[in-house]
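What follows is a short report on a single structure.
Worth knowing before you read on, the calculation uses all heavy atoms, side chains too, and leaves out hydrogens, waters and symmetry mates.
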Amino acid sequence: MTTAVLTDHERAAVQAYLRLLHTVRAGFDAAPGPAGAPRPVVVPPSVLAEADQALRAAGLAGNEEAFFRLLRSWRPAS
């Protein structure tokens, strides 16, 4: 298995993305609201801001293709 060596900024972007992903998944896993209605997923603004800043610092803002290629190379699917 080959893995990429990430810069500090790239690593921060990947880690921020994974935190964002886990936060959203946790929101979907939350118990239903009143009367069994699904709750809207709430992502704290600080989590979104962290991911945006990390992507900008890594030069990946607006370049999702490059970011996901980097993510796949760093953490290949199992």
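Here salt bridge (charged side-chain N to carboxylate O under 4.0 Å, His left out) pairs that include residues 54-71, with residues two or more places apart or in two chains, are Glu65-Arg69.
Of all heavy-atom pairs between Ala13 and Ala58, the closest is CB-CB, 4.2 Å. Minimum heavy-atom separation, Leu60 to Phe67: CD1-CD1, 3.7 Å.
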Note to self: Between Tyr17 and Leu55, is the side chain to side chain contact (heavy atoms under 4.5 Å, CB included) condition met? List the steps.
What the structure shows: CA-CA 9 Å; Tyr17 166 75; Leu55 288 170; over 6 Å; no
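Judged purely by atom type and a 3.5 angstrom limit, Glu10 uses its side chain to pair as donor or acceptor with the backbone of Thr7.
How far CG of Leu48 is from CD of Gln53: 13.5 Å, rounded to the nearest 0.5 Å.
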